[in-house]
Amino acid sequence: MDVITAKKKKRKSKRDRQYWKLYLFLLPAIAYVATWSYGPMYGIIIAFQDYKIKKGYWGSDWVGLKHFIRFVTYPDFWEMIKNTLGITLYSLALFPIAIIFALLLNELKNVKFKKVVQMITYMPHFLSTVVLCSLVVIFVGREGLIGQFYGWIKGTEGENLLSIGKFFPDIYVWSATWAGLGWSSIIYVSALSSISPELIEAARIDGAGRLQVIRHVNIPGILPTISLSFIMAAGGLLSVGFEKIYLLQSPLNLDYSNVVATYSYNIGIVSGQYSYSTAIGLFQNVVNILIMLLVNKITKKLSGTGMF
């Protein structure tokens, strides 16, 4: 056993020396992650303190779990959790749309038309959040296409759908789906292109139609990619993009748009309660990690593919 281990170490050392130039390309990425992702993590200690800027990290008073208890006992805690989970679970339910779109794209034989469709669906991803939200406000506003259509259905003049709270999750999720459809499908289109044409040809020789090829060849071929993407999506179950929520939020839809991210912003940035805001963020991350581990375990058991 020692001899085998020694040989493995020798081969690894030889490989490392052979490809040392390639490892150099990793240094900028490692430095970036270490500086901006891991470096600031020591700041989470203020979640357990009554942090005062003048006293600093080590001079502030330690209060243990005070801020976490304050958060979970906040009167609107469950309403915020319900709103957050409502939006994220809604988004997760639409997860297969990008997969279906990629499968449909893969079936297009006209290369030029396929490229045009891809370009058009990719474009919204490159719009800034402010521009995207401005378009959404226009479309669902009283004078907008969707607002006018809703008014026509009800037999009234156009209505501003953002002022109707119950429509906020629909507006948020479907606008995000529209904006990210093309971009989200890239990974699946790439995975589909790696499937051996010989497998598809063999299936067709055996009499399989298009739907059968998709079901028995294409989907199993991209299943590992689907599993990993789903695990990553589930890992953000308690996180909703703050910028878009904040830009679409108004007093009229606050009952449906008040989520953990916006509450954390108001507490931390607006009110200056940094310790409390940090505790909320840490609570979110811990729950997200636990959910990701659970989903990873279930997915690995069902499909045989997981992150680790």
Side-chain angles (χ1 to χ4, degrees), residues 85-127 132 135-136 139 145-146 149 153 167 169-237 241 291-308:
L85 288 177
I87 291 174
T88 52
L89 288 173
Y90 195 164
S91 302
L92 206 59
L94 300 182
F95 175 81
I97 290 181
I99 302 169
I100 295 170
F101 180 70
L103 291 169
L104 293 175
L105 270 181
N106 190 59
E107 293 300 309
L108 291 177
K109 303 304 178 185
N110 189 322
V111 178
K112 289 185 178 180
F113 179 67
K114 182 178 180 179
K115 288 183 178 180
V116 170
V117 172
Q118 286 179 305
M119 183 182 69
I120 292 173
T121 54
Y122 293 168
M123 286 175 64
H125 173 78
F126 297 98
L127 296 175
L132 178 63
L135 290 174
V136 171
F139 284 133
L145 180 64
I146 300 175
F149 180 71
I153 291 176
F167 289 137
D170 300 299
I171 294 170
Y172 179 90
V173 172
W174 281 104
S175 61
T177 302
W178 162 69
L181 178 62
W183 189 257
S184 301
S185 67
I186 290 178
I187 188 172
Y188 304 116
V189 172
S190 177
L192 285 167
S193 67
S194 65
I195 295 176
S196 173
E198 295 176 358
L199 288 176
I200 299 174
E201 189 63 31
R204 286 174 178 166
I205 291 173
D206 289 340
R210 279 193 172 189
L211 291 178
Q212 290 174 316
V213 169
I214 291 173
R215 180 182 175 186
H216 298 290
V217 180
N218 290 345
I219 292 179
I222 64 173
L223 189 58
T225 305
I226 294 173
S227 298
L228 291 176
S229 298
F230 182 76
I231 292 168
M232 294 296 291
L237 202 60
I291 292 173
M292 186 181 69
L293 293 174
L294 177 62
V295 173
N296 178 73
K297 186 175 182 179
I298 295 172
T299 304
K300 192 172 184 178
K301 188 173 182 180
L302 295 177
S303 67
T305 304
M307 292 183 65
F308 40 81

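Hydrogens, waters and symmetry mates play no part in the numbers below; they use all other heavy atoms, side chains included.
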J.: Let me confirm one number: the CD-CZ distance from Gln212 to Arg204, rounded to the nearest 0.5 Å.
T.: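 Spacing of CD (Gln212) from CZ (Arg204) equals 12.0 Å.
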
J.: Is it true that, when you exclude Tyr122 itself, more than 12 heavy atoms of the residues, nucleotides or ligands shown sit nearer than 6.0 Å to its OH?
T.: yes

J.: Say you draw a straight line from NZ of Lys109 to NZ of Lys114; how long is it, rounded to the nearest 0.5 Å?
T.: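 Those atoms lie 8.0 Å apart.
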
J.: Hey, could you give me the OH/OG distance between Tyr188 and Ser193, rounded to the nearest 0.5 Å?
T.: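 Those atoms lie 14.5 Å apart.
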
J.: Evaluate the ring planes of Tyr90 and Trp174, with Trp represented by its six-membered ring, and classify them as parallel (under 30°), tilted (30 to 60°) or perpendicular (over 60°).
T.: perpendicular

J.: Looking at Ile99, Leu199, Val213, which one forms a side chain to side chain contact (heavy atoms under 4.5 Å, CB included) with Asn218?
T.: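 Among Ile99, Leu199, Val213, the one that satisfies the side chain to side chain contact (heavy atoms under 4.5 Å, CB included) with Asn218 is Val213.
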
J.: Could you tell me whether the side chain of Ser184 and the main chain of Leu181 form a donor-acceptor pair under 3.5 Å?
T.: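 No, because the side chain of Ser184 does not come within donor-acceptor range (under 3.5 Å) of the backbone of Leu181.
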
J.: Test side-chain contact (heavy atoms from CB on, under 4.5 Å) on Leu103 and Ile219; report intermediate values, then the result.
T.: CA-CA 8 Å; Leu103 291 169; Ile219 292 179; 4.1 Å; yes

J.: Could you grab the distance from atom CD1 of Ile97 to atom OG1 of Thr177, nearest 0.5 Å is fine?
T.: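 Ile97 atom CD1 to Thr177 atom OG1 measures 5.5 Å (nearest 0.5 Å).
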
J.: Just wondering, do Leu127 and Leu135 contact through their side chains at under 4.5 Å, heavy atoms?
T.: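 SC-SC contact between Leu135 and Leu127 confirmed.
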
J.: Apply the test side-chain contact (heavy atoms from CB on, under 4.5 Å) to residues His125 and Ile186: give CA-CA distance (whole Å), side-chain angles for both, the deciding distance (0.1 Å), then the verdict.
T.: CA-CA 12 Å; His125 173 78; Ile186 290 178; over 6 Å; no

J.: Take Leu105 and Leu192 through the test side-chain contact (heavy atoms from CB on, under 4.5 Å) and record every step on the way to the result.
T.: CA-CA 10 Å; Leu105 270 181; Leu192 285 167; over 6 Å; no

J.: Heavy atoms, side chains only, cut-off 4.5 Å: are Ile120 and Val117 in contact?
T.: no

J.: Do Leu89 and Leu237 touch side chain to side chain, with heavy atoms closer than 4.5 Å?
T.: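 They are in contact (side-chain heavy atoms under 4.5 Å apart), so the answer is yes.
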
J.: Under a 4.5 Å cut-off applied to non-hydrogen side-chain atoms, are Leu228 and Thr299 in contact?
T.: no

J.: Atom OG in Ser229, atom CZ in Phe95: separation rounded to 0.5 Å?
T.: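 Output value for this atom pair is 5.0 Å.
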
J.: What closest approach, in Å, do Gly221 and Pro224 show between heavy atoms, and which atom pair accounts for it?
T.: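 Looking at all heavy atoms of both residues, the closest pair is O-CD, 3.9 Å.
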
J.: On a heavy-atom basis, which atom in Thr88 and which in Gly236 lie closest, and how many Å separate them?
T.: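 Heavy atoms only, the tightest pair is CG2-O, 4.0 Å.
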
J.: Report yes if some heavy atom in the side chain of Val111 is under 4.5 Å from a heavy atom in the side chain of Lys115; otherwise report no.
T.: yes

J.: Taking all heavy atoms of Met292 and all of Gly235, pick out the closest pair and write down the distance.
T.: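 The pair with the smallest heavy-atom distance is CB-CA, 3.8 Å.
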
J.: Output the distance between atom CG (Asn296) and atom CD1 (Ile231), rounded to the nearest 0.5 Å.
T.: 4.0 Å

J.: Between Ile222 and Ile187, is there a side-chain heavy-atom distance shorter than 4.5 Å?
T.: no

J.: Should we count CD1 of Ile153 as having more than 12 external heavy atoms under 6.0 Å?
T.: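 Atom CD1 in Ile153 is packed in, count exceeds 12.
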
J.: What heavy-atom pair brings Ala234 and Leu92 nearest, and what distance separates the two atoms?
T.: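 Smallest interatomic distance, heavy atoms only, reads N-CD1, 4.1 Å.
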
